[in-house]
Amino acid sequence: NAGVMQNPRHLVRRRGQEARLRCSPMKGHSHVYWYRQLPEEGLKFMVYLQKENIIDESGMPKERFSAEFPKEGPSILRIQQVVRGDSAAYFCASSPLGQGDTEAFFGQGTRLTVV
Amino acid sequence: GNSVTQMEGPVTLSEEAFLTINCTYTATGYPSLFWYVQYPGEGLQLLLKATKADDKGSNKGFEATYRKETTSFHLEKGSVQVSDSAVYFCALPGSGGGADGLTFGKGTHLIIQP
């Protein structure tokens, strides 16, 4: 059973470009969470999705950021018109149920560098 | 909302030393508590968890006891190894009971010297 797969592992974008980060949850998991980790910081929640639905996006910036988890295919975190401050590691986690009590399985992350 | 405070790092110890990483929390009710570990260049892995007061979570020689009186969940290990070098995160569900994911501490970087 493959773990949570994120790609790419490393992504370099120039200011103003778009970044697309992909996350394939573990088989059988329908709950996906995205987190952002800034240098020397813990992970900060961004968005929680189930198939075709955004459940909670309270941690996601209102502008330039969007996320989806379509019926088929991976979850996508999209950052439009990237700025230097978007440079961070972005982690996806999946779980069979909500993250309140059950273990969340994390991917290896996508490290975004904006130049 | 729910929050976590853990000791700042880096923490540098010699092999076979005793380890304690402090974690205290603020929460509504009695949520589950977690310790995650992050090895260099990797994602987070669940190390252990406790789901109710006085529970002790344990794994790979690490232990943590859920203490509601002191709102703490300190991580301990009796004899650390070089391979334990990593960043350790204390976490609990966000104020939304899981709908807003987990709330993490800032992490404690542990360095074990041979």
Side-chain angles (χ1 to χ4, degrees), chain A residues 2-10 21 23-26 30-50 53-60 67 75 77 88-111, chain B residues 1-11 21 23-25 27-53 55 57 59 66 86-109:
Chain A
V4 178
M5 304 300 292
Q6 288 189 250
N7 67 81
R9 290 291 305 275
H10 301 274
L21 289 62
C23 168
S24 296
M26 287 183 69
S30 59
H31 298 247
V32 167
Y33 295 77
W34 285 93
Y35 293 84
R36 177 165 61 179
Q37 183 180 33
L38 295 170
E40 309 299 322
E41 294 285 330
L43 277 69
K44 301 293 186 186
F45 166 78
M46 299 182 74
V47 61
Y48 165 34
L49 308 107
Q50 293 181 26
N53 288 304
I54 296 175
I55 307 303
D56 188 315
E57 56 182 349
S58 59
M60 200 150 70
S75 175
L77 179 67
Y90 292 82
F91 290 94
C92 167
S94 76
S95 64
L97 300 171
Q99 259 186 336
D101 294 304
T102 56
E103 178 178 356
F105 294 83
F106 282 80
Q108 293 183 306
T110 294
R111 282 154 181 82
Chain B
N2 293 356
S3 65
V4 172
T5 302
Q6 61 181 106
M7 62 190 293
E8 301 277 330
V11 173
I21 300 178
C23 170
T24 57
Y25 66 90
T28 303
Y30 302 104
S32 295
L33 301 174
F34 304 85
W35 276 100
Y36 279 83
V37 58
Q38 184 180 31
Y39 298 101
E42 301 293 324
L44 276 68
Q45 302 172 26
L46 179 67
L47 180 59
L48 54 83
K49 71 175 184 179
T51 58
K52 60 182 186 295
D55 259 5
N59 185 27
Y66 190 159
V87 182
Y88 292 81
F89 294 94
C90 187
L92 77 168
S95 303
D100 53 347
L102 295 174
T103 296
F104 288 87
K106 290 191 175 183
T108 301
H109 187 192

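By convention in this document, chain letters (A, B, ...) are assigned in the order of the sequence lines, proteins followed by strands, and residues within each chain are numbered from 1.
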*Relative to the ring of B:Phe104, is the ring of B:Phe89 parallel (under 30°), tilted (30 to 60°) or perpendicular (over 60°)?*
perpendicular
*Please flag which part of A:Glu57 lies under 4.5 Å from any non-hydrogen atom of chain B: side chain, backbone, both or neither.*
neither
*Would you please classify the geometry between the B:Tyr66 ring and the B:Tyr25 ring as parallel, tilted or perpendicular, with 30° and 60° separating the classes?*
perpendicular
*asked:* Are A:Lys44 and A:Leu38 packed together at the side-chain level, in the sense that at least one heavy-atom pair is separated by less than 4.5 angstrom?
replied: no
*Kindly check if the number of other-residue, nucleotide or ligand heavy atoms within 6.0 Å of CD (B:Glu8) is above 12?*
no
*Residue, of A:Leu43, A:Ile55, A:Val47, that accumulates the most heavy atom pairs under 4.5 Å with chain B*: A:Leu43
*Side chain, backbone, both or neither of B:Gln45 within contact of chain A (heavy atoms, under 4.5 Å)*: neither
